[in-house]
Number of protein chains: 2
Amino acid sequence: MATGRTHRPATRSRGIPEATVARLPLYLRALTALSERSVPTVSSEELAAAAGVNSAKLRKDFSYLGSYGTRGVGYDVEYLVYQISRELGLTQDWPVVIVGIGNLGAALANYGGFASRGFRVAALIDADPAMAGKPVAGIPVQHTDDLEKIIEDNGVSIGVIATPAGAAQQVCDRLVAAGVTSILNFAPTVLSVPDGVDVRKVDLSIELQILAFHEQRKAGEETAAGDGALPAAAPRGTAADDSADQGPDGDVPAVMPA
Amino acid sequence: MATGRTHRPATRSRGIPEATVARLPLYLRALTALSERSVPTVSSEELAAAAGVNSAKLRKDFSYLGSYGTRGVGYDVEYLVYQISRELGLTQDWPVVIVGIGNLGAALANYGGFASRGFRVAALIDADPAMAGKPVAGIPVQHTDDLEKIIEDNGVSIGVIATPAGAAQQVCDRLVAAGVTSILNFAPTVLSVPDGVDVRKVDLSIELQILAFHEQRKAGEETAAGDGALPAAAPRGTAADDSADQGPDGDVPAVMPA
DNA sequence: ATGTCTTTGTGAACGCGTGCACAAAGATGG
DNA sequence: CCATCTTTGTGCACGCGTTCACAAAGACAT
């Protein structure tokens, strides 16, 4: 019934649009900076500039949370920081596990941005027995075998996957089975999860590819404009490209023709 | 299909929606996997499932690139891989510099996903003199002083910023001045750049906060709709726990109402 | 050839997000 | 207390992206 497609109950709980939720952390950061400088109030214009968004958009975003501003004055910084923090759930403690302590996982464990906002790295987990017990960022790495127990003992509901792509789905399944309902995925794979589990993915390679697309378009604009067929060619005019590039790495882009 | 027509003059490569561009790398990854398994063709349904998207969306996305499918059969995997690669600009070499070789920068330098798709780490740059010459991922770290020269000598147009927040804008300015026109920013700051420069940001902390929001909502659904409640409060943040230098934006944890 | 079956490509409707523009609300000064 | 000024909060319109649904296109069998 209800032919396919995962049902999406999400996002419309309190009526806060997903796009707004995604911007709240941005506002919060800007507000925190103001708070540290003991700035008492800000206008939507100022705050919007600091957050890099449109002021009308910001006001509309805040209107979803309630009327926390004062007309003619602006927003009380401290109060707004509190309201947004509460809305995002940052007034409570969120134990997090990081699975896959390679280069990236270790970097994440050391990343200050996590700990600084209510997120606590409860455990580091890796499949390599040689890693077990070894401290990373002051936390001893534990073996994957104990994953379920770790999740349960710490009441973890948020998991970070930083494993190789091949292991990601399996790890994901175990996390979910153990009770994790939110996953931040750094592995370059599409994870499939049951309803009720949120997945956000961060894919470094994809971001670069998107940049490359725009970069190519920019480079192509200078050369020619209207050719009917394949634009191809794409002579990237930038210097130091045609001459000495062959030596250093001998690594060619991995693509093949038809 | 080589025989002339069948071509829509309508929206050429100039008119590819941003949302579509953002999905092309996803398709490409799925197609590459199929290619490695020597699968000759795929239907939009199959490919969409592998990429985790709707099949109608996928077909529409591909329609912006041209008519590369065969009705009744599907898409030729190899051909499509080539077309998407070309569209994304991955058939050429993209030298990239990474600035800020801390935990994250080092992880990025080691990240296989970069090199595997036409991106070549041309240089690693850090402001710490002690890092200079030290090899990371087989590449010797160079000092920030030489940034401009490095950009120029290597014809770099894409830069990755993995510095602390405080240094990001300054590094950004120098990159742009030196000729970089695309920036991937990992620092938790809003970068301001002149027109013509693309910036994409990856913010680990923001992703977690978004997850926390949904997580809180899920948890709140079961119990009463009670708001606030400030659980256990007592944010531990004051312990100055930030790991040395990587401090993202160093902000205080909690807050209080007015 | 002809008919059937599969799958693409796309017109059209719909919903979400964005930005404009302005009235309402409150501060401030006389 | 009233006038003026500032800034919020929001109704409205517009454009983009998503999804549906179906005709057209081609493969394949007879």
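A, B, ... follow the sequence lines: proteins, then strands. Residue 1 opens every chain. Because only heavy atoms are used, hydrogens play no part in the values below, and waters and symmetry mates are left out as well, while side chains stay in.
- A donor-acceptor contact closer than 3.5 angstrom links the side chains of R59(B) and S44(B).
- Remark: P of dT10(C) and CG of L58(B) are 14 Å apart, rounded to the nearest angstrom.
- Nucleotide dA21(D) holds its C1' atom 12 Å from the CG atom of N54(B), rounded to whole Å.
- In this structure D76(B) satisfies the side chain to side chain contact (heavy atoms under 4.5 Å, CB included) test together with E78(B), Y79(B), sequence neighbours excluded.
- For the pair E36(A) (side chain) and A33(A) (backbone), a donor-acceptor distance under 3.5 Å is absent.
- W94(B) places a side-chain N or O within donor-acceptor distance of the main-chain N or O of G89(B), the cut-off being under 3.5 Å.
- The rotation axes computed at either terminus of the helix from dA1(C)-dT30(D) to dG30(C)-dC1(D) lie 10° apart, taking five pairs at each end and rounding to 10 degrees.
- Using modelled atom types, one finds no donor on one side chain facing an acceptor on the other under 3.5 Å when comparing S182(B) with D198(B).
- A side chain to side chain contact (heavy atoms under 4.5 Å, CB included) with C172(B) is found for exactly one of N185(B), I183(B), V197(B), V99(B), namely I183(B).
- Taking the six-membered ring for Trp and the full ring otherwise, the centers of Y75(A) and F62(A) sit less than 6.0 Å from each other.
- Atoms NZ (K57(B)) and C1' (dC16(D)) sit 13 Å apart, rounded to a whole Å.
- Under the 4.5 Å side-chain criterion, counting only non-hydrogen atoms from C-beta, L47(A) is in contact with L34(A).
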Could you list all N or O pairs between the protein and nucleotides 7-13 of chain D that sit under 3.5 Å apart?
{"from": "dT7(D)", "atom 1": "O4'", "to": "G72(A)", "atom 2": "N", "distance (Å)": "3.0"}
{"from": "dT8(D)", "atom 1": "OP1", "to": "S44(A)", "atom 2": "N", "distance (Å)": "2.4"}
{"from": "dT8(D)", "atom 1": "OP2", "to": "S44(A)", "atom 2": "OG", "distance (Å)": "2.6"}
{"from": "dT8(D)", "atom 1": "O2", "to": "R71(A)", "atom 2": "NH1", "distance (Å)": "2.9"}
{"from": "dG9(D)", "atom 1": "OP1", "to": "G69(A)", "atom 2": "N", "distance (Å)": "3.1"}
{"from": "dG9(D)", "atom 1": "OP2", "to": "Y75(A)", "atom 2": "OH", "distance (Å)": "2.7"}
{"from": "dG9(D)", "atom 1": "O4'", "to": "R71(A)", "atom 2": "NH2", "distance (Å)": "2.9"}
{"from": "dG9(D)", "atom 1": "N7", "to": "R59(A)", "atom 2": "NE", "distance (Å)": "2.9"}
{"from": "dG9(D)", "atom 1": "O6", "to": "R59(A)", "atom 2": "NH2", "distance (Å)": "3.2"}
{"from": "dG11(D)", "atom 1": "O6", "to": "K60(A)", "atom 2": "NZ", "distance (Å)": "3.2"}
{"from": "dC12(D)", "atom 1": "N4", "to": "K60(A)", "atom 2": "NZ", "distance (Å)": "3.2"}

